[in-house]
Amino acid sequence: MLASFKEQVRRNMVAIISLTVALLSLSYNTWRNEVTEQNRNIRQAGFEMLVTLGEMHEVVFFAHYEQDPVRGNPRLGWAKILLVHDLSSIMPDRVSVAADALLVTWEKNWPGLGEDEEAAERISDALDDVRTNTLAALAVLR
């Protein structure tokens with residue numbers, strides 16, 4: 001019986017090797033597709049975050065320096081901050097942490113825009129922190 005099994009393995013060695021290679025290739029291809037999709041999602045979210053952060057800087061500048069109630073509208077700022085916060089959920093942890101801090105900073109400091117220079121600086125610093133972390137997350141993608 002053992003001799004019969006060994007003989008069958010010897011006769012079908014090419015098929016066994018082919019099956020092993022096919023299974024390994026399928027496993028690698030599936031893993032690679034998952035990594036590629038994750039990187040694509042991070043890249044797309046990161047680019048959208050960078051655009052939104054730039055727009056948010058404009059809102060802060062218009063609200064604080066120009067005191068423009070239309071282009072510096074806090075509701076517009078809230079919408080952009082929430083978008084950045086939502087997109088950060090699929091980014092690496094350091095971006096999510098920075099986005100959480102940005103949300104808290106905006107919440108505490110937006111009423112001071114137009115009057116309090118330190119409020120504008122705190123918001124700008126928080127925006128820059130998210131931007132820096134987002135750029136770092138994008139730089140390590142492969």
Side-chain angles (χ1 to χ4, degrees), residues 1-2 5-142:
M1 182 146 176
L2 186 58
F5 178 74
K6 286 183 180 178
E7 181 62 26
Q8 286 181 3
V9 168
R10 188 184 64 74
R11 265 193 257 142
N12 295 308
M13 188 56 75
V14 171
I16 292 169
I17 291 171
S18 296
L19 179 62
T20 302
V21 169
L23 289 174
L24 288 173
S25 297
L26 179 63
S27 298
Y28 173 77
N29 191 40
T30 301
W31 170 80
R32 186 68 236 167
N33 284 338
E34 289 295 319
V35 170
T36 299
E37 183 66 21
Q38 181 181 15
N39 286 348
R40 186 177 297 125
N41 290 341
I42 290 172
R43 191 173 291 114
Q44 189 169 0
F47 290 151
E48 184 66 30
M49 285 176 67
L50 291 172
V51 169
T52 305
L53 289 166
E55 293 170 351
M56 190 59 212
H57 268 295
E58 290 178 0
V59 170
V60 171
F61 294 153
F62 280 116
H64 187 70
Y65 298 108
E66 301 294 323
Q67 298 187 1
D68 182 334
V70 175
R71 293 184 288 183
N73 189 324
R75 285 189 227 56
L76 181 60
W78 271 112
K80 293 184 183 305
I81 293 294
L82 291 174
L83 175 60
V84 167
H85 190 263
D86 289 347
L87 289 171
S88 75
S89 67
I90 62 171
M91 299 293 287
D93 288 341
R94 66 180 177 262
V95 179
S96 294
V97 169
D100 290 344
L102 173 61
L103 181 65
V104 170
T105 302
W106 175 256
E107 185 176 28
K108 290 180 180 177
N109 292 284
W110 74 264
L113 290 176
E115 301 165 4
D116 183 3
E117 185 68 31
E118 288 181 12
E121 286 179 19
R122 284 190 290 270
I123 293 170
S124 289
D125 289 346
L127 289 166
D128 289 339
D129 189 39
V130 176
R131 181 179 175 275
T132 300
N133 283 292
T134 301
L135 288 170
L138 292 175
V140 299
L141 294 180
R142 294 184 181 257

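Being a predicted model, the structure only gives us computed values, none of them experimental. In what follows, every heavy atom counts, from backbone to side chain, and hydrogens, waters and symmetry copies are set aside.
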Handout entry: Greater than 12 external heavy atoms within 6.0 Å of Glu117's CD
Key =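 Yes.
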Exercise for the section: Decide if atom CD of Glu118 counts as having more than 12 heavy atoms of other residues, nucleotides or ligands within a radius under 6.0 Å. Expected result: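 No - once you tally the heavy atoms of other residues, nucleotides and ligands closer than 6.0 Å, there are 12 at most.
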Can you confirm whether [X] sits close enough to [Y] that some side-chain heavy atom of one is under 4.5 Å from a side-chain heavy atom of the other?
| X | Y | answer |
| --- | --- | --- |
| Leu53 | Asp128 | no |
| Ile42 | Ile90 | no |
| Met91 | Met49 | yes |

With a 3.5 Å distance limit and no angle check, can you tell me whether [X] reaches the backbone of [Y] through a side-chain donor-acceptor pair?
| X | Y | result |
| --- | --- | --- |
| Ser96 | Ser88 | yes |
| Asn12 | Gln8 | yes |
| Asp129 | Asp125 | no |

Taking all heavy atoms of [X] and all of [Y], pick out the closest pair and write down the distance.
| X | Y | result |
| --- | --- | --- |
| Asp68 | Val70 | OD1-N, 2.8 Å |
| Val60 | Ser124 | CG1-OG, 4.2 Å |
| His64 | Gly112 | ND1-O, 4.4 Å |

So, taking the atom named [atom1] in [X] and the one named [atom2] in [Y], what distance separates them when rounded to the nearest 0.5 Å?
| X | Y | atom1 | atom2 | answer |
| --- | --- | --- | --- | --- |
| His57 | Leu127 | NE2 | CG | 4.5 Å |
| Lys80 | Arg75 | NZ | CZ | 14.5 Å |
| Ile123 | Glu121 | CD1 | CD | 11.0 Å |
| Trp78 | Asn73 | CH2 | CG | 13.0 Å |
| Glu58 | Glu66 | CD | CD | 11.5 Å |
| Gln44 | Leu87 | CD | CG | 9.5 Å |

Handout entry: Derivation and outcome, side chain to side chain contact (heavy atoms under 4.5 Å, CB included), residues Ile81 and Thr52
Key = CA-CA 8 Å; Ile81 293 294; Thr52 305; over 6 Å; no
Exercise for the section: Evaluate side chain to side chain contact (heavy atoms under 4.5 Å, CB included) for Asp116 paired with Arg122, printing each intermediate quantity in order. Expected result: CA-CA 10 Å; Asp116 183 3; Arg122 284 190 290 270; 3.7 Å; yes
Handout entry: Contact list for residues 10-30, test salt bridge (charged side-chain N to carboxylate O under 4.0 Å, His left out), sequence neighbours left out
Key = Glu7-Arg10, Glu7-Arg11
Problem - Criterion side chain to side chain contact (heavy atoms under 4.5 Å, CB included) on Leu76 and Glu55, from CA distance to verdict - result: CA-CA 10 Å; Leu76 181 60; Glu55 293 170 351; over 6 Å; no
Exercise for the section: Go through Leu113 and Trp106 one step at a time and tell me if the side chain to side chain contact (heavy atoms under 4.5 Å, CB included) criterion holds. Expected result: CA-CA 10 Å; Leu113 290 176; Trp106 175 256; 3.7 Å; yes
